[in-house]
Amino acid sequence: MHVPSGFAVVTPYIFADGAEAYVRFLEAAFGVRETGRSTSPDGRIANCQLRFDTATIMISEASDAFPPSRAALYFYVTNAEEAVERAVVAGAEKIMAVDDMPYGDRRGGVRDPGGNIWWVSQRLSAKLYF
């Protein structure tokens with residue numbers, strides 16, 4: 001099996017209404033970097049690859065055949081408080097204040113303009129508590 005560089009065996013793929021604006025939100029909120037894009041003849045995003053440090057997600061414009069999708073994503077960052085606040089400034093809704101979790105993470109949550117939930121987490125301990 002061959003998995004392209006920068007991708008995982010399972011890579012999140014989100015269909016978004018207003019995919020261009022959604023990509024701009026993700027850049028502002030989470031500092032992602034666009035690594036590839038293809039567009040349909042009408043100029044809408046057919047596929048856009050966004051790099052989150054070691055992970056890639058893909059975004060496409062929603063359509064009748066592929067309606068907007070919703071996901072919950074767990075995103076590790078260096079500083080959870082700063083990352084949640086940056087996302088809120090970019091247009092996300094805070095749904096959970098950042099706090100220490102019993103499994104060794106410091107985590108908060110936001111809902112992005114597309115309705116997706118992002119659990120923004122900072123690992124406090126190398127030990128897993130599950």
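The structure displayed is predicted, hence computed values, not measured ones.
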task: Might you point out which heavy atoms bring Pro67 and Ala62 nearest each other, and give the distance in Å?
output: C-CB, 3.9 Å
query: Sub-3.5 Å donor-acceptor pair from the side chain of Ser60 to the main-chain atoms of Ala46, do we have one?
result: yes
Cluster check Ile117, Phe75: I/L/V/M/F/W/Y, side chain < 4.5 angstrom: no
task: Decide yes or no on salt bridge (Lys or Arg N to Asp or Glu O under 4.0 Å) for Glu20 and Arg44, but give the supporting numbers first.
output: CA-CA 8 Å; Glu20 185 67 43; Arg44 295 174 2 146; over 6 Å; no
message: I need the minimum non-hydrogen distance between Leu73 and Ile14, along with the two atoms involved.
response: CD1-CD1, 4.1 Å
message: Are Val110 and Met101 linked, directly or through intermediate hydrophobic residues, by side-chain heavy-atom contacts shorter than 4.5 Å (ILVMFWY only)?
response: no
message: On a heavy-atom basis, which atom in Ala83 and which in Val120 lie closest, and how many Å separate them?
response: CB-CG1, 3.5 Å
task: Decide if the gap between the ring center of Phe52 and the ring center of Trp118 is smaller than 6.0 angstrom.
output: yes
message: Please say yes or no: joined through hydrophobic side-chain contacts below 4.5 Å, possibly via intermediate residues, are Phe66 and Tyr22 part of one cluster?
response: no
- line: Minimal heavy-atom distance between Ala19 and Glu61, with the atoms involved, is N-OE1, 2.8 Å
message: Tyr13: which residues meet the ring pair (Phe, Tyr, Trp, His ring centres under 6.0 Å) condition with it, sequence neighbours left out?
response: Phe15
field: Arg86/Glu82 under salt bridge (Lys or Arg N to Asp or Glu O under 4.0 Å): CA gap, chis, key distance, verdict
entry: CA-CA 6 Å; Arg86 183 176 173 179; Glu82 288 177 7; over 6 Å; no
- prompt: To the nearest 0.5 Å, what is the distance between CZ (Arg106) and CZ (Arg123)?
  reply: 14.0 Å
- prompt: If every non-hydrogen atom of Arg51 is compared with every non-hydrogen atom of Phe7, which pair is closest and at what distance?
  reply: NH1-N, 4.4 Å
Distance in Å, Met58 CE paired with Asn47 CG, rounded so as to fall on 0.5 Å steps: 5.5 Å
task: Rounded to the nearest 0.5 Å, what's the gap from SG on Cys48 to CD1 on Ile59? Could you check?
output: 7.0 Å
task: Assess whether side-chain contact (heavy atoms from CB on, under 4.5 Å) is satisfied between Glu34 and Arg24, documenting all intermediate values.
output: CA-CA 10 Å; Glu34 186 174 320; Arg24 298 298 152 240; 4.0 Å; yes
- request: Write down the atom of Asn79, the atom of Gln122, and the distance for their closest heavy-atom approach.
  value: CA-OE1, 3.4 Å
- prompt: Same cluster or not: are Val32 and Val23 linked, directly or through other Ile, Leu, Val, Met, Phe, Trp or Tyr residues, by side-chain heavy atoms under 4.5 angstrom apart?
  reply: yes
- prompt: Can a donor-acceptor pair be found between the side chains of Tyr76 and Asp105 at a distance below 3.5 Å?
  reply: yes
message: Could you check whether atom OH of Tyr74 has more than 12 heavy atoms from other residues, nucleotides or ligands sitting under 6.0 Å from it?
response: yes
task: Answer yes if Phe30 and Trp119 sit in the same cluster of Ile, Leu, Val, Met, Phe, Trp and Tyr residues linked by side chain heavy atoms under 4.5 Å apart, and no otherwise.
output: no
